[in-house]
Amino acid sequence: MGTKALPLFSIFSLVLFVSSHLSNQSFVQNEEEINRSDFPEHFFFGTSTSSYQIEGGYVEDGRGMSNWDVFSHIPGKVKNNDTGDVADDHYHRFMEDIELMYSMGMNAYRFSISWTRILPKGRFGKVNRRGITFYNKIIDHLLLKGIEPFVTIHHHDLPDELDKRYGSWMSFQMQEDFVYFAKICFKEFGDRVKHWLTINEPNLVTLMAYTRGVYPPAHCSPPFGNCSVGNSDIEPLIVMHNMLLAHAKAVRLYRTHFQEKQGGLIGIVVFGHMYEPLTDHQFDIQAVDRALIFNFAWVYDPIVYGDYPKEMREVFGNQLPSFSDSEKNIIRGSLDYICVNHYTTLYTKDCLYSACSNGGDRPIKGFLDTMGYRDGVSIGDPTGVDRFFVVPRGLEKIINYIKQRYPNIPIYVTENGYSMPPGDGNKVEDIINDIKRVNFHKNYLASLARAMRFGLLYVDLQTLERRPKLSAQWFASFLGGNLQQLTKSSSIINKNAYNSLMDD
């Protein structure tokens with residue numbers, strides 16, 4: 001493999017945690033001077049990763065095979081046939097990575113626990129103590145550096161054993177397996193971890209793994225995809241139901257046996273795009289409401305209020321699973337905070353009263369279609385991720401939506417950031433001097449004191465050397481980190497460009 005630019009934390013880099021009361025303020029969209037003092041003292045600025053995308057060491061020290069290990073090794077399933085076998089080698093270089101976070105002045109780190117590093121075969125095998133030792137080292141070193149650990153129990157990767165035995169999230173048995181895994185995490189790490197996240201983006205799992213079929217286990221049906229197995233109209237509803245109950249039962253376990261003694265908090269993470277109507281027609285305006293309900297409220301209405309949104313029940317009828325009275329009691333209020341991963345805003349087109357393609361006319365999509373362009377003009381600057389556009393106002397809107405629908409619940413923005421478009425620089429110098437990312441951060445911070453991600457550090461895939469980009473230096477300056485320590489290996493950065501940005 002040649003030298004290639006990768007974000008240090010794969011697709012999850014900088015994040016920022018937002019208190020819910022901040023969205024009452026009015027924020028401007030144009031660039032302005034931002035200082036650390038503009039944010040509350042308790043505000044968290046942090047980095048965020050997921051285990052499969054960063055750790056590597058996939059067959060080391062007793063780790064079992066995950067669904068993503070199996071999936072990524074099937075030719076053609078992942079772009080360039082990339083795998084997480086080595087990834088960013090965080091498994092061997094986590095001390096260096098924590099030092100880099102510390103140098104940037106970060107005070108939080110959200111990471112996930114590899115299920116198969118702790119339980120190689122789920123509840124059907126033994127606990128791997130070497131995996132527990134690895135995460136103990138991470139947690140202890142974070143706390144030594146004054147960095148608060150935010151721990152995600154499940155971030156997409158799960159034991160392949162559970163897929164083979166009963167179809168993982170398609171089965172109610174998965175609820176038991178998840179609670180078993182969560183209990184071990186609470187017991188082993190909860191004395192030091194005060195912020196827990198049960199499951200990352202269950203709504204993304206249903207979309208990518210069971211509607212479009214591009215994540216494992218690759219279930220789908222036309223018109224969404226041509227998988228060998230699956231039903232894109234029904235299976236996402238079953239999978240979501242099992243994930244929500246698994247979350248709720250894990251929270252009940254935590255509150256019953258651990259929370260009082262350990263003093264931590266717990267929640268779940270949902271990906272939340274914002275939406276704007278494609279036209280001023282009332283049908284498109286109503287489609288925006290449906291888009292938010294069928295994506296965001298699908299998860300949080302049951303967790304906050306005890307049942308699915310009535311709009312979804314009206315559309316799906318008996319196809320939408322029901323919670324029993326006892327399950328409603330378990331799931332209602334099963335959170336201490338709301339967590340949202342926000343990356344973009346899209347236009348929304350109604351498909352109830354007008355023709356649509358790509359499955360927009362199906363119930364599972366909420367009878368709507370989404371797009372990034374209107375009359376050939378994009379909703380914001382394109383990024384390196386398809387359908388992700390730079391629309392700073394969108395985060396303020398999604399936060400306000402959350403506040404209105406779920407009042408008086410703290411809000412954390414757990415992912416957000418910028419991926420550089422492929423044509424914006426193929427040389428290492430261009431990648432490291434990431435001026436667009438710096439401006440992105442400025443605009444989003446000025447807009448709502450928000451989150452950042454995607455690649456503050458350059459990783460050489462041959463040497464795995466970490467090299468801070470211009471944006472990393474900007475954050476070190478912004479957060480009062482150790483700029484001198486951070487830039488020891490950053491002579492490639494254009495000093496004139498850096499000084500110019502600092503003077504803005």
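For the single chain, residues carry numbers from 1 onward in sequence order.
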### Task
Look at R332 together with D301 and state whether they make a salt bridge at an N to O cut-off of under 4.0 Å.
no

### Query
Side chain of T414, backbone of C339: donor and acceptor closer than 3.5 Å?
no

### Message
Determine whether a donor-acceptor pair (N or O, by modelled atom type, separation under 3.5 Å) exists between the side chain of T116 and the backbone of G64.
### Response
yes

### Task
Report, as yes or no, whether the 6.0 Å neighbourhood of atom OH on Y102 holds more than 12 heavy atoms from other residues, nucleotides or ligands.
no

### Query
Closest heavy-atom contact between G84 and S72?
N-OG, 4.4 Å

#### Entry: Step-by-step side-chain contact (heavy atoms from CB on, under 4.5 Å) determination, R255 to V251
CA-CA 6 Å; R255 287 177 170 173; V251 171; 3.7 Å; yes

### Task
Taking the six-membered ring for Trp and the full ring for Phe, Tyr or His, determine whether the centres of Y210 and W169 are under 6.0 Å apart.
no

### Task
Assess whether side-chain contact (heavy atoms from CB on, under 4.5 Å) is satisfied between R123 and Q173, documenting all intermediate values.
CA-CA 11 Å; R123 59 188 159 94; Q173 296 180 66; 3.8 Å; yes

### Message
Using 0.5 Å steps for rounding, measure from the CD1 atom of I303 to the OH atom of Y406.
### Response
9.0 Å

### Task
Would you give the length of the straight line joining atom CZ of F271 to atom NE2 of H342, rounded to the nearest 0.5 angstrom?
11.5 Å

### L320 backbone acceptor or donor facing R313 side chain under 3.5 Å
yes

### Query
With no hydrogens and no angle check, do the side chains of H141 and E99 hold a donor and an acceptor under 3.5 Å apart?
yes

#### Entry: I113 versus C185, closest heavy-atom pair with distance
CD1-SG, 3.8 Å

### Message
I want to check something: taking the side chain as every heavy atom from C-beta on, are V269 and I199 in contact at a cut-off of under 4.5 Å?
### Response
no

### Task
For residues V151 and S112, determine if any side-chain heavy atom of one lies less than 4.5 Å from a side-chain heavy atom of the other.
no

### Query
Using a distance-only test with no angle check, is there a side-chain donor-acceptor pair under 3.5 angstrom linking D336 and H195?
no

### Task
Report yes if the side chains of L119 and N128 come closer than 4.5 Å at any heavy-atom pair, otherwise no.
no

### Task
Could you walk me through whether I153 and F178 pass the side-chain contact (heavy atoms from CB on, under 4.5 Å) test, one step at a time?
CA-CA 9 Å; I153 297 172; F178 179 74; 3.8 Å; yes

### Message
Determine whether a donor-acceptor pair (N or O, by modelled atom type, separation under 3.5 Å) exists between the side chain of S171 and the backbone of G167.
### Response
no

### Query
Considering only heavy atoms from C-beta outward, does the side chain of E396 approach that of I399 to under 4.5 Å?
no

### Query
Please walk me through it: do D69 and S66 pass side chain to side chain donor-acceptor pair (under 3.5 Å)?
CA-CA 5 Å; D69 292 319; S66 75; 3.0 Å; yes

### Message
Nearest 0.5 Å, please: how far is CD in E176 from CG in N242?
### Response
12.5 Å

### Task
With the side chain counted from C-beta on, respond yes when T152 and F111 share a heavy-atom pair under 4.5 Å apart, and no when they do not.
no

### Task
Grab the two heavy atoms, one from Y300 and one from Y337, that are nearest each other, plus how far apart they are.
OH-O, 4.4 Å

### Query
For D233 and R362, what are the C-alpha separation, side-chain angles and deciding distance, and is it a side-chain contact (heavy atoms from CB on, under 4.5 Å)?
CA-CA 8 Å; D233 294 304; R362 306 293 273 267; 2.7 Å; yes

### Task
Side-chain contact test, heavy atoms from C-beta onward, threshold under 4.5 Å: evaluate it for W298 versus P236 and give yes or no.
yes

#### Entry: Heavy-atom side-chain contact between L197 and I266 under 4.5 Å
no

#### Entry: Interatomic distance, E188 atom CD to N136 atom CG [nearest 0.5 angstrom]
7.0 Å

### Query
Would the F44 and F150 ring centres measure less than 6.0 Å apart?
yes

### Message
Does any part of the side chain of I118, heavy atoms only, come nearer than 4.5 Å to the side chain of Y135, both counted from C-beta?
### Response
yes

### Query
Can any side-chain N or O of R290 pair as donor or acceptor with the backbone N or O of F367 at less than 3.5 Å?
yes

### Query
Would R117 and D61 pass as an ion pair if we require N to O under 4.0 Å?
no

### Task
Would you check if the side chain of H247 reaches a backbone N or O of M243 as a donor-acceptor pair within less than 3.5 Å?
no

### Query
Within 45° of the axis and under 6.0 Å from the centre of the six-membered ring of Y58, does NZ or CZ of R63 qualify?
no

### Message
If you compare all heavy atoms of S168 against all heavy atoms of L158, which two are closest, and at what distance to 0.1 Å?
### Response
CB-CD1, 4.0 Å

### Message
If you take the centroid of each ring, where Trp contributes its six-membered ring, are H154 and W115 closer together than 6.0 Å?
### Response
yes

### Query
Any donor and acceptor pair, going by atom type alone, linking the side chain of K194 with main-chain N or O of Q262 inside 3.5 Å?
yes

### Donor-acceptor under 3.5 Å (D160 side chain, N67 main chain)
no

### Message
Ring-plane angle category for H156 and Y215, please: parallel below 30°, perpendicular beyond 60°, tilted otherwise.
### Response
tilted

#### Entry: Side-chain ion pair, R110 and E415, N-O less than 4.0 Å
yes

### Query
So, E55 and R93, do they make that salt bridge, N to O below 4.0 Å?
no

#### Entry: Heavy atoms from other residues, nucleotides or ligands near OH of Y166 exceed 12 (cutoff 6.0 Å)
yes

## Note on the structure
Looking only at heavy atoms, the pair that brings P159 and P120 closest together is CB-O, 4.0 Å

### Message
The test is ring-ring contact (aromatic ring centres under 6.0 Å, His included); show your working for Y91 and F134 and say whether it passes.
### Response
CA-CA 8 Å; Y91 188 68; F134 170 65; 4.5 Å; yes

### Query
Do K397 and E276 meet the salt-bridge criterion of a basic N to acidic O distance under 4.0 Å?
yes

### Task
Under the side chain to side chain donor-acceptor pair (under 3.5 Å) rule, what do Y308 and H241 come out as? Steps first, then yes or no, please.
CA-CA 10 Å; Y308 293 114; H241 199 70; 2.7 Å; yes

#### Entry: Separation between CE of M65 and CG of D157, rounded to the nearest 0.5 Å
12.0 Å

### Query
Where do P216 and A209 come nearest, in terms of heavy atoms and distance?
O-CB, 3.3 Å

### Query
Should the pair R165 and F124 be classed as cation-pi, given the thresholds of under 6.0 Å to the six-membered ring centre and 45° from the axis?
yes

### Message
Within the supplied structure, the quantity of interest is the number of heavy atoms (other residues, nucleotides, ligands) at a distance under 6.0 Å from K145 NZ; does it exceed 12?
### Response
yes

### Message
Main chain of L162, side chain of D177: is a donor-acceptor contact present, judged purely on distance under 3.5 Å?
### Response
no

### Separation of H92 NE2 from D89 CG (nearest 0.5 Å)
5.5 Å

### Message
I need the single residue from Y401, F296, F388, Y343 that forms a ring-ring contact (aromatic ring centres under 6.0 Å, His included) with H273. Which is it?
### Response
F388

#### Entry: N/O donor-acceptor pair under 3.5 Å between N107 side chain and F43 backbone
yes

